[in-house]
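Below is one structure, written out as structure tokens; comments come after it.
Here the structure is a predicted model, which means the values were calculated and not measured. So you know, we letter chains A, B, ... as the sequences are listed, proteins then strands, and number each from 1.
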Protein chains: 2
Amino acid sequence: MAITIKDVAKLASVAPSTVSRVIANNPRISEKTKVRVREAMVELGYHPNFIARSLASQSTQVIGLVLPNSSDVFFQNPFFSTVLRGLSEGAHEKQYALQMSTGKTEEQIYQDVVNMVQGGRVDGIILLYSRTDDKILKYLRDREFPFVVIGRPYEWEEEITHVDNDNYRASREATEYLINLGHNKISFIGGNKNLVMTMERLQGYQEALKSAGLPIVPDYIRHDEFLLERGQEAIQGLLLLETPPTALLVTDELMAIGVVNTLTKLEVEVPANMSIVSFNNAFFSELARPQLTSIDINIFDLGYQAAKSLIQMLLNPKEPVKRIIVPHQLIERVSCTNVQSIKK
Amino acid sequence: MAITIKDVAKLASVAPSTVSRVIANNPRISEKTKVRVREAMVELGYHPNFIARSLASQSTQVIGLVLPNSSDVFFQNPFFSTVLRGLSEGAHEKQYALQMSTGKTEEQIYQDVVNMVQGGRVDGIILLYSRTDDKILKYLRDREFPFVVIGRPYEWEEEITHVDNDNYRASREATEYLINLGHNKISFIGGNKNLVMTMERLQGYQEALKSAGLPIVPDYIRHDEFLLERGQEAIQGLLLLETPPTALLVTDELMAIGVVNTLTKLEVEVPANMSIVSFNNAFFSELARPQLTSIDINIFDLGYQAAKSLIQMLLNPKEPVKRIIVPHQLIERVSCTNVQSIKK
DNA sequence: CTGAAAGCGCTAACAG
DNA sequence: CTGTTAGCGCTTTCAG
């Protein structure tokens, strides 16, 4: 078919193994023959065959990405493209390629992963989410296959390298920010309950209320998919309460947009009649009217660090387990106001 | 290492080739031995090694995706995630995996492609864009490597299978829609000039004006990156003109959002003082305030059809060249109004 | 410093 | 219907 190592070897009058060593830049080959071999490679337009190399060396230079099973939802969220951009950059630096799972149900994705792993298609895997009772995580762990989790693992946290934000603290700070503005009826609109991230943000919220001596009102706590529509529904429910909240902590941008749009439609002014803090800050918060005060969790870095960590693990099999906490920060915009101004 | 075909063969007391045939479900193998072999596979927990298979069969079941060189911009745009979702679904149906280019400059991406192709990593490639003077497209064509383009190829259109919208017509219709509302000062805010899509949309716009006997005013035509910020700049320039337009055709959603936000800031009301038609309709148009009338180009289908077409080419090497036109439609929302209402 | 040879795990003629 | 035998293109001992 194409030009192989043998062709090069013949032209340079060396053995194929020598050519292989030149490619690997093996120091035991003399400069002279290296030059000669390289010339031959150029002359023939030789390009190494990765598949053959993979088979022989048992490594592919490919990283597998696993999306959550609610991938349809995930795709819509700007979180996805941003984290992917970070992954892409991290992988590119070390010449790794990225391969994605394409399944939609948990079972399909599980099969994707088995194919990637047992089929020898990838050297390592990055889970772009962390949730409870994850069959896939368990599978990877049982096989001791190299992988990294974006988010805090629900189990075996100490044994799994992961990249995460301090979601608990971020959420607590956001809540305290609202409390400091005088709010005492603060609602929590969270995402999928099975995501560890959601659980932690809820805890941070509750802890902040507790510390401030405020009650935790179950009716103020909502959970749903990270979707525009879900945000809309959530806020409608809250407004029907006897004493609706005066402030909202929304743990996802897309939901936040849904919330804001719905409020606008219902002529509840933000921030005059409702303060909002959003999460993620993947540029939707800026885009919303009014622009949303938001916790920036540096999504790009989550991806970038995850890629880098995994590659380090691959390069050095006894690399210690790591936890990388990407910093967050509250970005103040104009969606929050002092509670005084609300009382009419 | 892991369990191989030989282990299975031994346990089932057959030759390795027989096992291979069972995997391929070769009809020439008796049901009896098939069953026996399958039992052995299950008992051992055998899973085929894709890399080995790829090397032997010279096919990988992987599709390479090539993003445009302005990938940072591309990642932000909802076009990306939507088309990727379509690609993912199309690939999954036929058990193909997706691998992405990770380079950022044209040269890096070119290298990614060479690696994918000459390295034997992928069976075919999908270009997620179409632009002028594309080195990568030329490379693929010269090597006669199977590939599909999303968008209309700038050259060799007749020889390259591609999936596209009728951008010319879509744009003409959108412009006519505005003309029918009585507008005669219509501006065109387009994206990157090197994209074929942009060129076609511009032509459609111009043709509509011409047919209606309206002049083509160069000052009304703007081009820029598909970015929020660019949309903002474009509209500011337009408002400074002696006779600003009364209607805008914006060929990208993200830009459209930038335009709307800027107009709001400048207290130019939409649609009262400015009508807007946007493109793509990947749910940003719905999200904007006011909601934007938009040409829905069915981005998901672009991806889905591209994946399906490429796979067909791979399955049947003499599959004829195809052009697939995904239909578009104008979705009326509330960002346009009759020109009468503008005159104060 | 370089060559010969074995083998990574699977497929695909070619026999029988 | 099934086994034997070569590879696919590269890496990697093991010699020398």
Could you list the donor-acceptor pairs under 3.5 angstrom formed between side-chain atoms of residues 35-48 of chain B and any protein atom two or more places apart in sequence or on another chain?
from	atom 1	to	atom 2	distance (Å)
B:Arg36	NH1	B:Ala12	O	2.5
B:Arg38	NH2	B:Asn25	OD1	3.4
B:His47	NE2	A:Asn115	OD1	3.1

Among pairs that include at least one residue of residues 78-89 of chain B, which meet side chain to side chain donor-acceptor pair (under 3.5 Å), considering only residues two or more places apart or in two chains?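 For residues 78-89 of chain B: A:Lys104-B:Glu89.
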
Residue pairs passing the side chain to side chain donor-acceptor pair (under 3.5 Å) test where at least one lies in residues 8-23 of chain A, sequence neighbours excluded: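 Checked against side chain to side chain donor-acceptor pair (under 3.5 Å) - neighbours excluded - no pair reaches residues 8-23 of chain A.
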
Among residues 36-55 of chain A, which ones have heavy-atom contacts with DNA chain C below 4.0 Å?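 When residues 36-55 of chain A is checked for heavy atoms under 4.0 Å from DNA chain C, the hits, listed by number, are A:Leu55.
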
Counting side-chain heavy atoms from C-beta on, which of D:dC14, D:dG7, D:dT2 comes nearest to A:Arg28?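 Looking only at side-chain atoms, A:Arg28 lies closest to D:dC14.
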
Nearest listed nucleotide, side chain of B:Ile5, among D:dG9, C:dA12, C:dC10: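 From the listed options, C:dC10 comes nearest.
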
Under the side chain to side chain donor-acceptor pair (under 3.5 Å) test, which residues partner [X], sequence neighbours left out?
X        : result
A:Lys6   : none
B:Glu106 : none
B:Asp133 : none
B:Gln312 : B:Lys322

Can you list every pair that meets ring pair (Phe, Tyr, Trp, His ring centres under 6.0 Å) and has a residue in residues 122-163 of chain B, with sequence neighbours left out?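 The answer is B:Tyr110-B:Tyr139.
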
Under the salt bridge (charged side-chain N to carboxylate O under 4.0 Å, His left out) definition, can you give me all pairs with a residue in residues 108-125 of chain A, not counting sequence neighbours?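 Of all non-adjacent pairs touching residues 108-125 of chain A, none passes salt bridge (charged side-chain N to carboxylate O under 4.0 Å, His left out).
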
Looking at D:dG7, I'd like to know if its phosphate oxygens (OP1 or OP2) sit under 4.0 Å from a side-chain N or O belonging to B:Gln58.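 Answer is no, no contact under 4.0 Å.
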
With a 4.0 Å cutoff (strictly under), does any side-chain N or O of A:Thr4 reach OP1 or OP2 of D:dC8?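 No, outside the criterion.
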
What's the angle between the local helix axes at either end of the helix from C:dC1-D:dG16 to C:dG16-D:dC1, using five pairs per end and rounding to 10 degrees?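 Computed angle between terminal axes is 40°.
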
What are the residues of residues 12-24 of chain B, sorted by number, that bring a heavy atom to within less than 4.0 Å of DNA chain D?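 Under 4.0 Å from DNA chain D: B:Ser13, B:Val14, B:Ala15, B:Ser17, B:Thr18, B:Arg21.
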
Ion pair A:Arg141/A:Glu155, N-O distance below 4.0 Å: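 No, no charged N to carboxylate O under 4.0 Å.
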
